[in-house]
Amino acid sequence: VIVSASTCDDKWQIKTPEQFTNEDWLPFFRLNPEIILLGLGETQLFLKPELLQPVFQKNIGLEMMTNRSACYTFNALIAEGRSVVLGVLI
């Protein structure tokens with residue numbers, strides 16, 4: 001699921017970090033965030049380093065954390081008026 005301040009996209013159906021590809025960034029990029037938060041499950045996980053390059057090339061901040069932490073951080077950043085997009089693996 002991808003969530004921003006104004007949208008929710010439940011068509012993004014990534015279930016595990018291993019399924020993630022560079023094309024999976026496109027829905028995030030369409031929302032023009034300054035920060036992307038990824039909730040990668042119930043334990044702290046990370047994407048492969050080569051998958052991070054498209055985000056860094058666009059100068060977008062990226063944080064990977066547990067789903068719970070990602071949701072909490074998303075709400076805090078939205079309350080501050082930040083341009084943030086949350087992706088959660090469920």
Side-chain angles (χ1 to χ4, degrees):
V1 175
I2 296 176
V3 180
S4 73
S6 60
T7 63
C8 180
D9 179 1
D10 62 356
K11 294 180 183 90
W12 194 73
Q13 296 287 324
I14 306 302
K15 304 272 188 224
T16 68
E18 294 79 26
Q19 290 179 309
F20 204 95
T21 68
N22 282 333
E23 290 77 37
D24 293 313
W25 293 118
L26 297 178
F28 293 90
F29 295 160
R30 285 198 270 295
L31 297 169
N32 296 315
E34 64 179 278
I35 302 167
I36 295 173
L37 301 175
L38 284 181
L40 296 175
E42 297 305 312
T43 59
Q44 181 69 48
L45 300 170
F46 298 96
L47 295 179
K48 295 177 186 174
E50 59 268 19
L51 294 173
L52 310 180
Q53 290 306 313
V55 177
F56 297 145
Q57 289 172 348
K58 292 187 173 287
N59 294 317
I60 298 172
L62 174 64
E63 295 291 335
M64 292 171 274
M65 53 191 76
T66 65
N67 288 351
R68 183 178 184 164
S69 295
C71 291
Y72 175 83
T73 304
F74 174 79
N75 286 325
L77 292 173
I78 288 293
E80 293 176 358
R82 305 286 296 273
S83 174
V84 60
V85 175
L86 169 66
V88 180
L89 305 186
I90 53 174

Requested in this report: Evaluate side chain to side chain contact (heavy atoms under 4.5 Å, CB included) for Ile78 paired with Leu86, printing each intermediate quantity in order.
Outcome: CA-CA 10 Å; Ile78 288 293; Leu86 169 66; over 6 Å; no
Query raised in the report: Between Leu89 and Leu45, does a side chain to side chain contact (heavy atoms under 4.5 Å, CB included) hold up when you go through it step by step?
Result: CA-CA 11 Å; Leu89 305 186; Leu45 300 170; over 6 Å; no
What pair of heavy atoms forms the shortest contact from [X] to [Y], and how long is it?
X     : Y     : value
Pro27 : Asp9  : CB-OD2, 4.4 Å
Pro33 : Ser83 : CA-OG, 3.4 Å
Thr66 : Thr43 : CG2-C, 3.8 Å

Quick check for you: to the nearest 0.5 Å, what is the distance between [X] atom [atom1] and [Y] atom [atom2]?
X     : Y     : atom1 : atom2 : answer
Ser69 : Met64 : OG    : CE    : 13.5 Å
Phe46 : Met65 : CZ    : CE    : 9.5 Å
Trp12 : Ile90 : CH2   : CD1   : 9.5 Å
Glu80 : Asn75 : CD    : CG    : 11.5 Å
Ile60 : Trp25 : CD1   : CH2   : 9.0 Å
Glu42 : Arg68 : CD    : CZ    : 9.0 Å

Report task. Could you give me the CA-CA distance, side-chain angles and deciding distance for Leu62 and Phe28, then say whether side chain to side chain contact (heavy atoms under 4.5 Å, CB included) is met? Result -> CA-CA 11 Å; Leu62 174 64; Phe28 293 90; over 6 Å; no
Query raised in the report: Does Thr21 offer a backbone N or O that forms a donor-acceptor pair with the side chain of Asp24 under 3.5 Å?
Result: yes
Query raised in the report: Does Ile14 offer a backbone N or O that forms a donor-acceptor pair with the side chain of Gln19 under 3.5 Å?
Result: no
Do [X] and [Y] belong together in a cluster built from hydrophobic side chains that touch within less than 4.5 Å?
X     : Y     : result
Leu31 : Val84 : no
Leu47 : Phe74 : no
Val1  : Leu38 : no
Ile35 : Leu40 : no
Leu51 : Phe29 : yes

Query - Within-4.5 Å side-chain heavy-atom neighbours: Val3 and Val88 - result: no
Query raised in the report: Is any side-chain heavy atom of Val85 less than 4.5 Å from a side-chain heavy atom of Leu37?
Result: no
Query - Worked check of side chain to side chain contact (heavy atoms under 4.5 Å, CB included) between Glu63 and Thr73 - result: CA-CA 10 Å; Glu63 295 291 335; Thr73 304; over 6 Å; no
Query raised in the report: More than 12 heavy atoms of other residues, nucleotides or ligands under 6.0 Å from OH of Tyr72: is that the case?
Result: no
